[in-house]
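Report on the structure given below.
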Amino acid sequence: MSWQQEIDELARRHALKEQMGGDYGVGRQHSQGKLTVRERIALLADPGSFDELGKLQGRGTYDERGELVSFTPVSSVRGLAKVNGRRVFVRGQDFTVRGGSARTDDGGVDIGHGHPGPAELQLPLVNLIDGAGGSVTEFSDLGRTYIPDGGQFEDYCKILSVSPVVSAVLGPAAGGLAPIPPLSHFSVIAKGTGQVFPGGPPVVKAALGLEIDKEDLGGHAIHTRISGVVDNVAEDEPAAIEQVKQFLSYLPDNVWEMPPRGDTSDDPNRRDERLLSLIPRNKRRPYDVRVILEGVLDEDSFFEIAPDYGTSRIVGLGRAHGYPVGVMTNNPYQRGGSMDVAAAEKSTRLVQLCDTFHIPMVVLMDDPGFLVGPMSEEQGIERAGSRLVHAIIHSKMPWISFICRQSFGLAGSLQYRPGPHLYRRFAWVSGHWGSMHIEGGTSAAFRRVIEAADDPEAKRLELEETFQRISSPFRTAEASGLDLIDPRETRARLCDFVELAQGVIKTQLGPGSGPTWRP
């Protein structure tokens, strides 16, 4: 006796599921400039590696003989895939079926089918987001309403302390999907097709009487430049998925594994001659800090996170002799490199990310201090700075700091990590530092002396010159043992430290004992 008839039926039902919302739904998706969820998975996954879970799940209609007449798949796809040879758990909304909105009865009767999730598998989670949120049409189908339940976020948040979570916003992230991008270790949005909002334009109009399109409400320009809800923007969906792949390449599968080492062909003792003359002697002149990144990190290894948000700081992931590292530096071309609220927030997220996954932190410091003024006070610069203090103090990953030009005030002190864990600090000979700048500090501390002088301006300059003479980095080195280095030595020092740190990291594997990551 053969079961071929049932095998054929299984293949037919698989084919029905793969048709998603049918020709009309797929055509409408393409007409909006969007890929289908299965096309996205094909871009993400190694060929032939996607293993779908619950592939027969949906709602069937049967005739009087019990034969399947029609089939509507559930509005999401999930399963296991390999990305560059490594397994990940991937899930995404199928916008061709009810706009990707979930139904309370989509799951049917859950009796347990051995569908492990990313938490059980201890694998990275990739969200391919494209869903319109809830719909009142479901109330008609159910014949009732229901009380919203946020319990689904409890397990999701637990994953954040165990495995990398990455979200690509490829369509609307509406309603219950809106928290997912900030509840991710990294998020990217496709320009023109991705938006994030708890309620879309019709909801805004009903609530506020405001006419607004979805891009102005929650598009990439809002969330990567102003709100910081999404980290990066990509020109299109393939570019967004490529960023997902690149980000994952720096991260281990979970907190019990070592960060993966990459290409080691770049000489760890390479010396970049540009670094010798990069820092201007005029302290007010900016310079291109990306030259430092090129000079000290492995070639083409820097992956910037949130480049359009908090632009006075540059943060991201890179490699030193193949080992992944977190990178923070100041951008002198933006607000002189001073820390504002946005810069502090994205720095905090990077510290938490690296501490969670045991990635050494590298700081290339040129910090003039907090951005001062009424706007900073209104935005709560102290609270943002305090969050960064909290994240740094509770972190334990190895940390190395290079003072390239300046380190002033509280903001300057937030670029190193005190405590019992592995920490190393060097300074370039171009460095200078203190509790505050000599120029402004002299006027504040000696105001009465200056005002009482016959020539106040000459007196101010005289006092500043006196303090400038004692601000030499060599005097600090004499008194404290600070190691001054030739800037061209920075890469060799960094690579040596990161290699040394691997033994320490092995003793730190596992979940953190304190706060690790939060949105």
Side-chain angles (χ1 to χ4, degrees), residues 1-32 34-118 120-121 123-132 137-138 141 168 170-171 237-238 241 244-245:
M1 178 180 177
S2 171
W3 292 89
Q4 187 60 50
Q5 181 177 345
E6 285 77 11
I7 296 300
D8 292 342
E9 178 65 11
L10 177 63
R12 182 172 81 97
R13 291 182 180 237
H14 281 177
L16 288 172
K17 180 71 179 290
E18 291 173 1
Q19 289 175 8
M20 299 172 284
D23 291 341
Y24 174 79
V26 172
R28 188 168 182 270
Q29 181 83 346
H30 287 164
S31 72
Q32 295 175 345
K34 297 193 296 181
L35 301 175
T36 67
V37 65
R38 296 186 181 277
E39 290 169 333
R40 292 163 179 163
I41 292 173
L43 284 175
L44 174 72
D46 298 349
S49 70
F50 181 55
D51 180 16
E52 186 172 351
L53 300 176
K55 193 168 182 178
L56 299 179
Q57 191 173 6
R59 302 180 74 188
T61 302
Y62 294 83
D63 61 19
E64 64 278 0
R65 296 177 299 170
E67 300 290 334
L68 182 68
V69 176
S70 64
F71 177 77
T72 302
V74 292
S75 57
S76 63
V77 176
R78 70 191 190 280
L80 298 171
K82 287 186 177 179
V83 175
N84 295 328
R86 294 172 54 192
R87 288 190 185 275
V88 303
F89 191 98
V90 58
R91 65 187 183 190
Q93 292 72 44
D94 182 357
F95 201 87
T96 70
V97 179
R98 299 192 308 272
S101 60
R103 295 171 53 100
T104 56
D105 60 348
D106 262 350
V109 180
D110 183 9
I111 59 175
H113 298 295
H115 289 173
E120 293 87 354
L121 293 165
L123 289 176
L125 168 61
V126 177
N127 297 303
L128 302 175
I129 302 177
D130 184 9
T137 59
E138 184 180 3
D141 294 340
L170 308 174
E237 292 190 40
I241 291 172
V244 169
K245 293 182 178 183

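Since the structure is predicted, the reported quantities are computational estimates derived from the model, not experimental observations. Computation of the quantities below employed the complete heavy-atom set of this structure, encompassing side-chain atoms and omitting hydrogens, waters and symmetry-equivalent molecules.
Glu120 places a side-chain N or O within 3.5 Å of a backbone atom of Gly117 that can act as its donor or acceptor partner. Remark: the backbone N or O of Arg65 is paired with a side-chain donor or acceptor of Asp63 at under 3.5 angstrom. The backbone N or O of Gly21 sits less than 3.5 Å from a side-chain atom of Thr96, completing a donor-acceptor pair. Side chain of Asp94 to main chain of Ser76: no donor-acceptor pair is present (N/O by atom type, distance under 3.5 Å, no hydrogens or angles).
Listed by first and then second residue, the side chain to side chain donor-acceptor pair (under 3.5 Å) pairs that reach into residues 18-27 are Glu18-Lys55, sequence neighbours excluded.
In this structure, the separation between CZ on Arg91 and CG on Asn127 is 5.0 Å, given to the nearest 0.5 Å. With values rounded to the nearest 0.5 angstrom, Arg38 atom CZ is found 14.5 Å from Leu43 atom CG.
At least one side-chain heavy atom of Arg78 sits less than 4.5 Å from a side-chain heavy atom of His115. Taking the side chain as every heavy atom from C-beta outward, Glu52 and Gln57 never approach each other to under 4.5 Å. Residues Leu10 and His14 form a side-chain contact, since some pair of their non-hydrogen atoms from C-beta on lies under 4.5 Å apart. Using a 4.5 Å heavy-atom threshold, the side chains of Val83 and Val244 count as separate. Using a 4.5 Å heavy-atom threshold, the side chains of Phe71 and Thr61 count as separate. For the pair Arg40 and Asp130, the minimum side-chain heavy-atom distance is below 4.5 Å. Using a 4.5 Å heavy-atom threshold, the side chains of Phe95 and Arg28 count as touching. Between Val37 and Gln93 the shortest side-chain heavy-atom distance does not fall below 4.5 Å.
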side-chain contact (heavy atoms from CB on, under 4.5 Å), that's the test. Do Phe89 and Leu80 meet it? Break it down for me.
CA-CA 5 Å; Phe89 191 98; Leu80 298 171; 3.8 Å; yes

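Each of Gln5, Arg12, Gln4 was compared with Asp8 under the side-chain hydrogen bond (donor to acceptor under 3.5 Å, both in side chains) criterion, and only Gln4 meets it.
Contact record, Pro124 with Arg87: CD-O, 3.7 Å, taken as the closest heavy-atom pair. The two atoms that bring Ser49 and Lys82 nearest to each other are OG-N, 3.1 Å, heavy atoms only. Heavy atoms only, all atoms of each residue included: Leu35 and His30 are closest at CA-CD2, 4.5 Å. Between Leu53 and Pro116, the closest heavy-atom pair is CD1-O, 4.0 Å. The nearest pair of heavy atoms linking Leu170 to Lys34 is O-CD, 3.7 Å. Taking every heavy atom of both residues into account, Lys245 and Leu44 meet most closely at CE-O, 3.1 Å.
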